[in-house]
Amino acid sequence: MSSTTIDQYLADLEPPLREVGEQLRTVIDAALPDATAGMWHGHPVWGLGDKPGRRPVGLVKAYGTYVTFGLWRGQEVDDPSGRLAPGARRMASVRLRTVADVDPTLFTGWLGRARELER
């Protein structure tokens, strides 16, 4: 997939992953109204600063059967739900297969804490 915009990236996904990605985008855009959104390393990224990859906060990346919602400093975000899985460096993510897996309230809280870590 060589999409050049977030819209194109999401449109290229097969259902139900497209719906998951679109729901995530809505949640992320609402939670990070001051973020710069765009494509970085082939997938959608939201960050602080003039480019999405500058002080990145969150990402959406589709795989064959799920969409990853990741936070660059996710291991530093309090997660009583236990849904955030640690990744490389300080990253953490959650795998989503259906729109029902998207929890706007929980994810908004994560994004707010992740944004504060980048300030």
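Treat the numbers as computed from the prediction; the structure is a model and nothing was measured.
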Criterion side-chain contact (heavy atoms from CB on, under 4.5 Å) on Trp72 and Val45, from CA distance to verdict
CA-CA 10 Å; Trp72 256 263; Val45 171; 3.9 Å; yes

Closest heavy-atom contact between [X] and [Y]?
X     : Y     : value
Pro33 : Ala30 : CD-O, 3.5 Å
Pro52 : Ala37 : CG-C, 4.0 Å
Gly74 : Ala92 : C-CB, 3.5 Å

Side-chain donor-acceptor contacts of residues 112-119 below 3.5 Å, not counting sequence neighbours, with atom names and distances?
{"residue": "Arg113", "atom": "NH1", "partner": "Gly109", "partner atom": "O", "Å": "3.4"}
{"residue": "Arg113", "atom": "NH2", "partner": "Asp78", "partner atom": "O", "Å": "3.1"}
{"residue": "Arg115", "atom": "NH1", "partner": "Ala31", "partner atom": "O", "Å": "2.7"}
{"residue": "Arg119", "atom": "NH2", "partner": "Asp34", "partner atom": "OD2", "Å": "2.3"}

In Å and rounded to the nearest 0.5 Å, what is the [atom1] to [atom2] distance from [X] to [Y]?
X     : Y     : atom1 : atom2 : value
Ser93 : Leu71 : OG    : CG    : 8.5 Å
Leu10 : Glu19 : CG    : CD    : 10.5 Å
Met39 : Thr5  : CE    : OG1   : 7.5 Å

Does any N or O in the side chain of [X] come within less than 3.5 Å of the main-chain N or O of [Y], such that one atom is a donor and the other an acceptor?
X     : Y     : value
Gln75 : Gly87 : yes
Arg73 : Arg90 : no
Tyr9  : Ala62 : yes

Going through the distances and angles, do Asp101 and Val20 end up as a side-chain contact (heavy atoms from CB on, under 4.5 Å)? CA-CA 8 Å; Asp101 294 334; Val20 171; over 6 Å; no

- Check: Ile28 and Phe107 side chains under 4.5 Å, non-hydrogen atoms: no

Quick check on the hydrophobic clustering: are [X] and [Y] connected, directly or via other members, by side-chain heavy-atom contacts under 4.5 Å?
X      : Y     : result
Leu96  : Met91 : no
Val57  : Ile6  : yes
Leu106 : Val67 : yes
Leu32  : Trp40 : no
Leu59  : Leu48 : no

Taken in chain and number order and not counting sequence neighbours, the residues that satisfy side chain to side chain donor-acceptor pair (under 3.5 Å) with Arg83 are none

- Query: What's the verdict on side-chain contact (heavy atoms from CB on, under 4.5 Å) for Gln23 and Val27, showing C-alpha distance, side-chain angles and the deciding distance?
  - Reply: CA-CA 6 Å; Gln23 179 66 19; Val27 171; 4.0 Å; yes

Show your working on side-chain contact (heavy atoms from CB on, under 4.5 Å) between Trp110 and Asp103 and close with a plain yes or no.
CA-CA 11 Å; Trp110 289 348; Asp103 183 332; over 6 Å; no

Contacts satisfying side chain to side chain donor-acceptor pair (under 3.5 Å) that involve residues 58-71 (not counting sequence neighbours) are Tyr66-Arg95

Q. Salt bridge or not for Arg25 and Asp29, using N-O below 4.0 Å?
A. yes

